[in-house]
Q: 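Please read through the structure below; I'll follow up with questions.
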Amino acid sequence: MALKARQLELLEAMLANPMMPDTVLAQQLGINNKTVGVWRKLPEFQDALKQALADKWKDAERTAMETMLSLVREGDFKAAKYVLDSQGY
């Protein structure tokens with residue numbers, strides 16, 4: 001079952017503000033705090049949050065790898081050593 005619009009709003013707010021307590025997110029979105037708790041327990045909400053976090057992490061990994069390769073290409077010795085060491089050379 002797909003998430004409803006308000007549930008998606010909460011999910012996006014949680015991703016944008018990972019350190020913000022649910023009570024504050026609920027207040028900012030005009031959602032009852034108990035409703036947030038109920039939604040968090042829904043398997044479809046948990047699945048959507050898990051997938052969104054995995055996607056966000058993949059993006060961060062990709063950015064880190066691109067940055068490291070850029071540093072290597074620019075001649076950064078420490079970056080080159082890190083890449084080689086991590087590959088077992």
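Just so you know, these numbers use all the heavy atoms, side chains as well, and skip hydrogens, waters and symmetry mates. All of these numbers come straight from a predicted model, not from anything done at the bench.
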Q: Which pair of non-hydrogen atoms, one from Asn32 and one from Lys34, has the smallest distance, and what is that distance?
A: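 Closest pair (atom of Asn32, atom of Lys34, distance): OD1-N, 2.6 Å.
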Q: Taking atom types as modelled, is there a side-chain donor on Gln51 or Asp47 under 3.5 Å from an acceptor on the other?
A: no
Q: What about Val83 and Leu71, same hydrophobic cluster or not, with Ile/Leu/Val/Met/Phe/Trp/Tyr joined at side-chain heavy-atom distances under 4.5 Å?
A: no
Q: Applying a strict under-4.5 Å side-chain criterion to I, L, V, M, F, W and Y, I'd like to know whether Leu84 and Met68 cluster together.
A: no
Q: For Lys78 and Asp76, work out which heavy atoms get closest and say how close.
A: N-OD1, 3.0 Å
Q: So does Asp59 pair up with Arg62, basic N to acidic O under 4.0 Å?
A: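 A salt bridge links Asp59 with Arg62.
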Q: If Ile, Leu, Val, Met, Phe, Trp and Tyr residues are connected whenever their side-chain heavy atoms lie under 4.5 Å apart, and connections chain through other members, are Leu69 and Tyr82 in the same group?
A: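 Different clusters.
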Q: Is any side-chain heavy atom of Thr35 closer than 4.5 Å to a side-chain heavy atom of Arg6?
A: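 Sidechains of Arg6 and Thr35: no contact.
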Q: Should the heavy atoms of other residues, nucleotides or ligands under 6.0 Å from CD of Gln27 be counted, would the total exceed 12?
A: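 No, CD of Gln27 has 12 or fewer neighbouring heavy atoms, counting only those of other groups under 6.0 Å.
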Q: Quick check for you: to the nearest 0.5 Å, what is the distance between Leu11 atom CG and Trp39 atom CH2?
A: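 Going from CG on Leu11 over to CH2 on Trp39, the span is 11.0 Å.
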Q: Please report the interatomic distance CG(Leu49) to CG(Leu42), rounded to the nearest 0.5 Å.
A: 12.0 Å
Q: Closest approach of Asn33 and Ala26, non-hydrogen atoms and distance?
A: CA-CB, 4.0 Å
Q: Enter the distance from Lys81:NZ to Ser86:OG here, rounded to the nearest 0.5 Å.
A: 10.5 Å
Q: Looking only at heavy atoms, which two atoms of Arg40 and Phe45 are closest? And how far apart?
A: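 Closest heavy-atom pair between Arg40 and Phe45: CA-CD2, 3.8 Å.
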Q: What closest approach, in Å, do Ala52 and Leu15 show between heavy atoms, and which atom pair accounts for it?
A: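 In this case the closest contact between Ala52 and Leu15 is CB-CD1, 3.5 Å.
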Q: Would you say that more than 12 heavy atoms from the other residues, nucleotides or ligands in this model lie under 6.0 Å from the NZ of Lys4, or not?
A: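 12 or below, so no.
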Q: Measure across Leu25 and Met20 and return the closest heavy-atom pair with its distance rounded to 0.1 Å.
A: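 Result for this residue pair: CD2-SD, 3.5 Å.
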Q: To the nearest 0.5 Å, tell me how far Glu66 CD sits from Thr63 OG1.
A: 5.5 Å
